[in-house]
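Accompanying notes for the structure given below.
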Amino acid sequence: MKTRTRFAPSPTGYMHIGNLRTALYEYLIAKAQGGDFILRIEDTDQKRYVEGATDIIYATLKRVGMNWDEGPDVGGEYGPYIQSERKSLYADYAHKLVELGGAHYCFCSKVEADDQKDEEQNIKFQDPCKRLSLEEAKARVAAGEPYVIRQTIHKKGKSKYHDEVYGDIEIDYDELDEGVLLKSDGMPTYNFANVVDDHLMNITHVVRGNEYISSTPKYNLIYEDFGWEHPHYVHVPPVMKDAQHKLSKRNGDASFQDLVAKGYLPEAILNYIALLGWNPGTEQEIFSLKELEQIFSAERLNKSPAIFDITKLTWMNGCYIRALPAEEFHKLALPYYEKALARKVNLEFLSQVLQPRVETLGEIPAQIDFIENTLAFSNDLYTNKKMKTDAAVAQNTLTETRAVLAQAADWSNQGLFDALKALAEKLGVKNGQILYPLRIALSGKETTPGGATEIAVVLGKEETLRRIDDALAKF
RNA sequence: GGUCCCAUCGUCUAAUGGUUAGGACACCACCCUUUCACGGUGGUAAUAUGGGUUCGAAUCCCGUUGGGAUCACCA
């Protein structure tokens, strides 16, 4: 049978990192076996629906290259792929399940059910409606009384199933809740809709967070009652923000789009999260999505939670940035230049200088803060022990440097460097005694991306000479 | 509280009874070098704990501790 997995988000807001990772594993399990990846929108809770949330889901998956074979927009033979559009179908199956003895009508209010329960003392809701005969219950339904359909846990003893990550799971049927399957508004709960849909859509592997481990036996009971075969289960551990807390949008943790806005590349984010809870069994760490499709195996999924480490993501993003073709990096950097710079400078060369020096695009503004205008600085800044420079040395060499640069015909990094190196030889001083003061004069900073001559190339001849003049005037 | 799950450097992880417990990030040092990066070399750093089983345990079993999940007309 062809492998089929589904990503089934509810459109309640942002696409967070944990969600995206689950989607990635679903996608990879399907693709590693030449199967299909299905997108299904689980919008059975109308109260939580957020406008535009589905668009974010579409845009994110597309942006990282995880294309779905079937879904609301592309269609497919198992549609519709939006649960609210399947409403009547769930109701039909729910009533059918009642006939099969796997569920019953319940007329209790939510408060009645809640009042009876006590988690601390482990007291579960004992539904009085279970004692109703089917005829009696049906009569009350027919009379228009509000009702829900609850699952009937009719088995005793241990329920067992196999999970691809966690192995064999055993849970006593007594532990299972007789949860609502069909709400009073006629909508199914997740507990019911996901079973019906996964079966109807021929899903072979269900991948989801490990918080579902203990409710899976309930779902298996539904499959059994319908006479259906349950899918393979792949429960994955959560992505954490620290040892105690899951990554969550509610806590203000970074979402995929937040990271992109900070200058992380989607490819790098995807690569990083693939490795949060999975490893290839080799020491390779940089993978394209295509490569992952070739080598992914659910057997190498981890059982324990993984803490999201922005530092390592940042390193990996730096790897991706450095690996970019120069033109590509330039294109990505351009919007950041436009925001920070009004002055005309050599942006192509600036990109060359910056590419190995930034790990995220968001670092660009801070790196180029001296380009629009020289930063204010004190002449003490010329003092550097290692370079053997101070204000006096600077005043002297800067005067000579200005003369050389004013004559420079070749305004390239190599040309300028050679010219200044020759000057150092002529004056009998160290290269640094020429170059360090020049950098200070041009930038007002003791550390800059690129050397003095590179900054000069970026700024251009006119601006370079003007800044030297300004610096000389300050002595 | 009942039940279920988890536990290797600070972090991500490898090692599925026999390794000097390996790699990566981060950190530190050195090299390269017109500062800063990039790159290169090296270093610090882990099997939570107590019992078993075994010639031999990070690995198998039991307990303890610590953490997480679940017990919604949310998914």
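Numbers restart at 1 for each chain; the letters A, B, ... are given by sequence-line order, proteins then strands.
- In this structure, the CE atom of A:Met240 is 10 Å from the P atom of B:C12, given to the nearest Å.
- Remark: A:Arg140 qualifies as a cation-pi partner of A:Phe107 under the 6.0 Å distance and 45° angle criteria applied to the six-membered ring.
- For a distance-only test at 3.5 Å, the side chain of A:Thr311 fails to qualify as a donor-acceptor partner of the base of B:C25.
- Residue whose closest nucleotide on RNA chain B sits further toward the 5' end, between A:Asn302 and A:Pro356: A:Asn302.
- Comparing B:U35, B:A24, B:C73 against the side chain of A:Trp315 picks out B:A24 as the nearest.
- Applying the 3.5 Å distance criterion, the base of B:A75 shares a donor-acceptor pair with the side chain of A:Tyr212.
- Within the 4.0 angstrom heavy-atom criterion, no nucleotide atom of any strand lies near A:Arg208.
- Applying the 3.5 Å distance criterion, the base of B:U34 shares a donor-acceptor pair with the side chain of A:Thr453.
- Remark: P of B:U70 and NE2 of A:His235 are 12 Å apart, rounded to the nearest angstrom.
- Base engagement by A:Ser184 is indicated by at least one non-hydrogen atom pair under 4.0 Å involving a base atom.
- The base-pairing partner of B:U16, taking Watson-Crick or G-U wobble contacts with both distances under 3.5 Å, does not exist among the strands shown.
- When each of B:G39, B:U13, B:G23 is scored by its nearest atom to the side-chain atoms of A:Arg322, the top-ranked nucleotide is B:G39.
- Look at the P atom in both B:A69 and B:C30: the space between them is 45 Å, to the nearest Å.
- Residue-level contact check: A:Asp242 touches neither bases nor backbone, having no heavy atom under 4.0 Å from any strand.
- Note on A:Glu211: only backbone sugar-phosphate atoms sit closer than 4.0 angstrom, heavy atoms only; bases stay farther off.
- Counting only heavy atoms from C-beta on, A:Ser214 has its side chain closest to B:U70 among B:U70, B:A15, B:C71.
- Under the Watson-Crick or G-U wobble criterion, with both distances below 3.5 Å, B:G1 is paired with B:C71.
- Out of B:C6, B:U11, B:U35, the shortest distance to the side chain of A:Ile307 is found at B:U11.
- Using a 4.0 Å heavy-atom cutoff across all strands shown, A:Ala452 reaches at least one base atom of the nucleic acid.
- For B:C5, the OP1/OP2 oxygens have no side-chain nitrogen or oxygen of A:Asn210 closer than 4.0 Å.
- By the 5.5 Å and 30° criteria, A:Phe417 is stacked with the base of B:U34.
- In this structure, A:Lys47 reaches the sugar-phosphate backbone alone: every heavy-atom distance under 4.0 Å involves primed, P, OP1 or OP2 atoms, never a base.
- Taking a pair to require two hydrogen-bonding distances under 3.5 Å in either a Watson-Crick or a G-U wobble arrangement, B:U64 pairs with B:A48.
- Residue order along RNA chain B, read from the 5' end via each residue's closest nucleotide, puts A:Lys158 first among A:Thr44 and A:Lys158.
- If you check distances only, the side chain of A:Lys312 does reach the base of B:A24 with a donor-acceptor pair under 3.5 Å.
- Of all heavy-atom pairs spanning A:Tyr58 and A:Pro72, the tightest one is OH-CB, 3.3 Å.
- Formation of a donor-acceptor pair under 3.5 Å by the A:Asp43 side chain with backbone atoms of A:Ser84 is found in this model.
- Residue A:Phe377 contributes atom CZ, which lies 15 Å from atom C1' of B:U35 at whole-angstrom precision.
- Nearest to the side chain of A:Asn279, among B:U11, B:A14, B:C6, sits B:A14.
- Below the 3.5 angstrom threshold, one finds a donor paired with an acceptor across the side chain of A:Arg357 and the base of B:C36.
- Across all strands, A:Lys386 comes closer than 4.0 Å to no nucleic acid atom at all (heavy-atom distances).
- Judged by distance alone, with hydrogens and angles left aside, the side-chain atoms of A:Glu175 form no donor-acceptor pair with the main-chain N or O of A:Ile171 at under 3.5 Å.
- Using a 4.0 Å cut-off, no side-chain N or O of A:Lys183 falls inside it from OP1 or OP2 of B:A72.
- If you measure from atom CD of A:Gln46 to atom P of B:C74, you get 10 Å, rounded to the nearest angstrom.
- For the C1' atom pair drawn from B:C38 and B:C32, the interatomic distance equals 11 Å after rounding to whole Å.
- A salt bridge does not link A:Glu119 with A:Lys117: none of the charged nitrogens is closer than 4.0 Å to a carboxylate oxygen.
- At B:U70, none of the side-chain N or O atoms of A:Lys218 fall inside 4.0 Å of OP1 or OP2 (strictly under the cut-off).
- In this structure, A:Phe256 has its ring center no closer than 6.0 Å to that of A:Tyr264.
- At whole-Å resolution of the value, CG in A:Leu354 and P in B:A37 are 14 Å apart.
- Taking a cutoff of 4.0 Å between a charged side-chain nitrogen and a carboxylate oxygen, A:Lys218 and A:Asp177 do not qualify as a salt bridge.
- Taking atom CD of residue A:Gln116 and atom C1' of nucleotide B:A72, one finds them 15 Å apart after rounding to whole Å.
- Backbone-only contact: A:Gln244 has heavy atoms under 4.0 Å from sugar-phosphate atoms and none from a base.
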